[in-house]
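So the structure is just underneath, and the comments pick up after that.
The structure displayed is predicted, hence computed values, not measured ones.
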Amino acid sequence: MNGKCFVFTNGSSLKKVLELEKEVFFDQHVFTVNLFYETSYFFEIMPLNHIIADSGFWDPTTDDRILGIQKRFKEQLLKVTWKMNLFVPSQGVPILEQKLKLNELITLVPYNMTPVSGYKKISHFFYRKNLGMPKPSNVLNAAIFLTLNLGYKTIYIYGADHSWIQDLFVDEENDVCCYENHFYDSTRKSYKLPKGSLASGLKSIV
């Protein structure tokens, strides 16, 4: 594939791009990620591809916030009226096949999130065979890898500004919290991080 594609991550800068240039992306090879489906732009642009990387989309949980995300994820994707590829880490495919089976327009495309590094000849062999990828610290890393592996020669990335470190704070109960700072957030909301998750999250991107 020698064409171009557009990757929309959900940093706050994406809002301005979509407000000014939304029509530019119609009928293009667009990849959206994570909670982009929560916005009206999802149904206007009708992206051909959507990528998720977080196991929170399918793992069993008692966390009300995560349960809400899972519920809305299913509801929104059932509204999709165009053919779309949903890229999902392979371990999540069996569960999502059951949850999303009512929408035949969505094709689940598994990918392998196993981190692979080392000698270039060996690691690149695994990359080409979809047996692993460079360390997928966040969904943007996964999106870049997937679009390259699909053969796109030109990849435009929007909304890639990350601010989650500066959005961390400790509340009055001495719990670590984080403000949500995405282009679709209309109010400044925060949530508590599960105990130990900050340490493991920081270690994962080293």
Do [X] and [Y] have side-chain heavy atoms sitting under 4.5 Å apart?
X	Y	value
Tyr156	Thr154	yes
Leu131	Val116	no
Thr9	Leu14	no
Phe73	Lys99	no
Ile106	Asn103	yes
Phe31	Leu150	yes
Leu96	Ile52	yes
Phe42	Thr32	yes

Is the side chain of [X] donor-acceptor paired with the backbone N or O of [Y] at a distance under 3.5 Å, no angle test?
X	Y	value
Gln70	Asp59	yes
His50	Met84	no
Asn10	Val33	yes
Asn141	Ile144	no

As an exercise, state the distance from [atom1] of [X] to [atom2] of [Y], rounded to the nearest 0.5 Å.
X	Y	atom1	atom2	result
Lys135	Ser117	NZ	OG	8.5 Å
Thr39	Gln76	OG1	CD	9.0 Å
Lys79	Lys74	NZ	NZ	13.5 Å
Asp64	Thr62	CG	OG1	8.0 Å
Ile122	Phe125	CD1	CZ	10.0 Å
Asn130	Asn112	CG	CG	6.0 Å

Item checked: Within 6.0 Å of CD in Glu104, more than 12 heavy atoms from elsewhere ->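 12 or below, so no.
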Next item on the list: Return the set of residues passing salt bridge (charged side-chain N to carboxylate O under 4.0 Å, His left out) with Lys22 (not counting sequence neighbours), or none when no residue passes.
Entry: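 Glu44.
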In terms of ring plane angle, is the pair [X] and [Y] parallel, tilted or perpendicular, where the classes change at 30° and 60°?
X	Y	result
Phe87	Tyr111	tilted
Tyr127	Phe145	perpendicular
Phe8	Phe25	perpendicular

Item checked: Charged N-O contact under 4.0 Å between Glu75 and Lys71 -> yes
Would you name the heavy atoms of [X] and [Y] that are closest together and state the gap between them?
X	Y	value
Phe43	Tyr37	CE1-O, 3.8 Å
Pro89	Met113	CG-SD, 3.3 Å
Lys4	His29	O-CB, 3.7 Å
Thr61	Leu67	O-CD2, 3.6 Å
Asp171	Asp175	OD1-N, 2.8 Å
Ser13	Gly159	OG-CA, 3.6 Å

In terms of hydrophobic clusters joined by side-chain contacts under 4.5 Å, are [X] and [Y] together?
X	Y	result
Leu48	Val30	no
Leu77	Leu105	no
Phe6	Val17	yes
Leu108	Val80	yes

Note to self: Working note: Leu86 + Val109, criterion side chain to side chain contact (heavy atoms under 4.5 Å, CB included); need CA distance, chi angles, decisive distance, verdict.
What the structure shows: CA-CA 6 Å; Leu86 177 60; Val109 182; over 6 Å; no
Notebook entry, point to check: Between Met46 and Tyr41, does a side chain to side chain contact (heavy atoms under 4.5 Å, CB included) hold up when you go through it step by step?
Noted result: CA-CA 8 Å; Met46 296 189 292; Tyr41 294 112; over 6 Å; no
Item checked: Within the 6.0 Å centroid threshold, strictly below: Trp82 and Phe26 -> no
Notebook entry, point to check: Side chains of Asn49 and Asn85: do they bring a donor and an acceptor to under 3.5 Å?
Noted result: yes
Next item on the list: Check the pair Val88, Trp58 against side chain to side chain contact (heavy atoms under 4.5 Å, CB included), reporting the backbone distance first and the verdict last.
Entry: CA-CA 10 Å; Val88 179; Trp58 64 83; 4.2 Å; yes
